[in-house]
Amino acid sequence: MANTVLIGLQWGDEGKGKIIDVLTEQAEVVVRFQGGDNAGHTVEIGAEKFALHLIPSGILRPGTMNLIGNGLVVNPLGLHTEITELEARGIRIRDRLFLSSRAHLVFPYHQVLDGLSEARLGDRKIGTTKRGIGPAYADKINRTGIRAGELRDPVRLEASFRAKAASFQEIFQAAGITFDVDAEWARIKPVAAALAPMVADTTLMLHRLIREDKSILFEGAQGTWLDVDFGTYPYVTSSNTTSGGACTGTGIPPNRIRHVVGVAKAYTTRVGSGPFTCELTEAVGERLRAVGREFGTTTGRPRRCGWFDAVATRYAVMINGVDSIAFTKLDVLDGFDKVLICTAYEVDGVRRTEMPDDPHELERAKPVYEEMPGWDSTASARGWDELPAAAQAYLRRLSELIGAPAGIISVGPARDQTFLVKGS
Ligand code: GDP
Ligand code: IMO
Ligand code: MG
């Protein structure tokens with residue numbers, strides 16, 4: 001498998017973790033390129049269920065190498081917990097996981113700042129995961145962040161941490177928050193020492209692996225509509241979740257990327273605030289949430305649910321340069337009499353077939369639906385020919401509307417509930 005970037009085409013939680021896990025049967029290296037532990041990627045292997053936040057989903061296949069790229073913001077305490085929990089479940093981590101020295105670190109003060117910022121925004125709050133992602137990326141862009149390379153030098157790290165924490169004390173005091181720097185450092189110090197051996201120039205490693213012709217998968221987090229540039233700003237995350245982020249977030253040159261897989265659910269979900277044209281708040285939405293088990297992997301929040309949005313997804317296919325789609329959670333639509341697809345938006349009485357670039361217009365958009373017949377069951381299908389004709393017709397129509405062919409179909413959370421579409 002040539003160097004492949006896998007990204008989410010909607011608002012996250014498309015099933016990227018599951019598809020990465022399936023694809024890593026053939027990949028030798030998996031690289032995360034953006035985000036932080038706001039991500040929650042679920043992989044089910046037999047009776048076991050894993051929720052990965054910072055560690056690439058490739059870690060669950062023995063023999064793969066896993067890199068955390070420079071584009072991430074990494075909470076050392078969270079990463080250490082994740083490693084410890086995986087090790088306790090028999091997953092070998094040492095010598096298989098490397099952390100870019102250029103990745104930025106997320107510290108507890110970033111989480112406090114995240115909470116304060118949300119509280120200040122009141123009813124305009126973003127609905128963040130409160131993992132400190134925005135404040136950590138803000139420090140990076142302000143050129144005042146602390147990078148993972150400092151984990152290798154505890155004396156320098158402590159000085160940086162204390163200076164940085166001190167710079168926020170005035171804000172914390174004004175908000176009546178006690179931030180105990182000594183206590184926080186006492187938690188961080190041993191963790192920094194444990195992580196230090198994993199810190200590396202992952203860009204150099206990546207280029208060696210490319211020269212050795214290894215098959216490399218780039219694992220996106222979040223989804224296209226949460227991208228800080230292209231998403232439903234300001235209701236987005238603070239990184240580039242689109243395929244271009246793989247270049248800046250790892251150091252792979254654009255001309256070394258051979259394939260882009262876009263992951264899309266057969267319907268739509270969103271967690272957190274912001275416009276969501278296809279949102280269904282009544283019985284159908286409740287049914288999608290219940291059957292699809294649509295509760296956040298990271299925060300446990302109920303996800304907002306709706307029909308498939310072909311307007312938003314076509315735009316996402318375009319900006320990511322998607323070569324093939326992995327359609328997931330088709331089984332969640334099993335048993336509906338009819339399924340709806342949003343093919344256009346109506347904004348102020350005008351029908352639009354392209355995603356509005358003005359967030360205020362987007363907030364006023366109403367969905368225009370096309371109806372298709374439903375089907376009984378897809379969950380036991382293990383090939384395209386085993387899908388009910390109505391489900392095939394539905395997927396064909398989605399592909400036609402969004403402008404990319406189906407390459408992979410997923411009809412359940414298990415590894416074997418996945419198949420490739422022939423000819424892709
Ligand atoms: P990610 O963030 O994109 O990796 O997605 P999440 O793991 O947050 O959410 C996807 C959820 O759907 C997880 O609980 C998966 O186990 C589950 N899942 C993935 N593919 C399928 C599928 O085809 N059918 C069903 N029913 N569940 C799926
Ligand atoms: P995965 O990788 C779904 C959402 C939050 C919020 C917004 C900003 O599992 O698909 P942040 O904490 O990043 O500042 O929050 O982005 N969000 C996600 N939604 N899946 C995710 O990750 C998400 N990561 C962040 O809910 O609306
Ligand atoms: Mg998720």
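All ligand and atom numbering here is 1-based and tracks the order in the structure. Positions are given from 1 along the sequence.
Side-chain contact between M205 and F98: present, with at least one pair of heavy atoms (C-beta onward) separated by less than 4.5 Å. When side chains are defined from C-beta on, R382 counts as touching Q417, because their heavy atoms get closer than 4.5 Å. Side-chain contact between T128 and I133 is absent, with no heavy-atom pair separated by less than 4.5 Å.
Taking a 6.0 Å sphere around OH of Y315, one finds it holds 12 or fewer heavy atoms contributed by other residues, nucleotides or ligands. Within 6.0 Å of CG in D337 there are 12 or fewer heavy atoms belonging to other residues, nucleotides or ligands.
Between D114 and ligand 2, a contact under 3.5 Å exists for no N or O pair. An N or O contact shorter than 3.5 Å links G40 to ligand 1 by distance. Some N or O of R301 is nearer than 3.5 Å to an N or O of ligand 2, by distance alone. At least one N/O-N/O distance between N38 and ligand 2 falls below 3.5 Å. Polar contact with ligand 1: absent for L330 (N/O pair, distance under 3.5 Å). Below 3.5 Å of separation, one finds no N or O of T128 facing any N or O of ligand 2. Where the criterion is an N or O separation shorter than 3.5 Å, residue side chain and backbone included, K49 fails it with respect to ligand 1. For ligand 1, none of its N or O atoms has an N or O atom of G292 under 3.5 Å away. Taking distance alone, with nitrogen or oxygen atoms compared against 3.5 Å, G134 stays at or beyond that limit from ligand 2.
By the 6.0 Å and 45° rule, R397 does not stack over the aromatic ring of F308.
Looking at every heavy atom in both residues, S399 comes nearest to F327 through OG-CE1, 3.8 Å.
When heavy-atom distances to ligand 1 are checked against a 4.0 Å cut-off, R303 comes that close only through its side chain, counted from C-beta outward. Looking at T42 against ligand 1, both its backbone and its side chain come within 4.0 Å, counting heavy atoms. Within the 4.0 Å heavy-atom criterion, the part of D331 lying near ligand 1 is the side chain and not the backbone. Contact annotation for V411 and ligand 1: only backbone heavy atoms (N, CA, C, O) come within less than 4.0 Å of the ligand. Residue Q417 does not touch ligand 1, judged by heavy-atom distances below 4.0 Å. For H41, heavy-atom contacts with ligand 1 shorter than 4.0 Å involve the backbone as well as the side chain.
The atoms of ligand 1 that sit less than 4.0 Å from any heavy atom of E44 are 16 (O). Listed by atom number, the atoms of ligand 2 under 4.0 Å from K16 heavy atoms are 1 (P), 2 (O), 10 (O). Close contacts of ligand 2 with V236, meaning ligand atoms under 4.0 Å from a residue heavy atom, involve 7 (C), 8 (C). For ligand 1, the atoms closer than 4.0 angstrom to any heavy atom of G15 are 1 (P), 3 (O), 4 (O), 5 (O). Interface atoms of ligand 1 facing S410, defined by a heavy-atom separation under 4.0 Å, are 20 (N), 21 (C), 22 (C), 23 (O). Which parts of ligand 1 touch G17 is read off a 4.0 Å heavy-atom cut-off, strictly below it: atoms 4 (O).
Remark: of the listed residues R304, K265, R289, K265 is the sole one forming a salt bridge (charged side-chain N to carboxylate O under 4.0 Å, His left out) with E294.
Ion pairing of R102 with D201 is present here, as a side-chain N (NZ or NE/NH1/NH2) and a carboxylate O approach within less than 4.0 Å. Classification of K164 and E150 as a salt-bridged pair fails, no side-chain N sitting under 4.0 Å from a carboxylate O.
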- Task: Could you walk me through whether I68 and M198 pass side chain to side chain contact (heavy atoms under 4.5 Å, CB included), step by step?
- Result: CA-CA 10 Å; I68 297 176; M198 290 181 191; over 6 Å; no
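Its N, O or S atom nearest to the Mg ion (ligand 3) is what matters here, and for D13 that atom is OD1.
Between F107 and Y109, the ring planes are tilted. Angles from 30° to 60° get that label. A perpendicular orientation is assigned to the rings of W307 and F336, their planes being inclined by more than 60° (bins at 30° and 60°).
Side-chain atoms of N3 do not come within 3.5 Å of backbone N or O of R258 as any donor-acceptor pair.
Every heavy atom of R270 sits 4.0 Å or more from the atoms of ligand 2. Residue H41 places a heavy atom less than 4.0 Å from ligand 2. Assignment of G223 to the shell around ligand 2 is not supported, since no heavy atom sits closer than 4.0 Å. Within the structure, the closest approach of S238 to ligand 2 does not fall below 4.0 Å when heavy atoms are considered. Using a 4.0 Å heavy-atom cutoff, T297 is absent from the residues neighbouring ligand 2.
Proximity of the aromatic rings of F168 and F179 is defined here by a centroid distance below 6.0 angstrom, and this criterion is not met.
When the heavy atoms of A379, P413, S57 are ranked by distance to atom 16 (O) of ligand 1, first place goes to P413.
Among the atoms of A221, none of the N, O or S atoms falls under 2.8 Å from the Mg ion (ligand 3).
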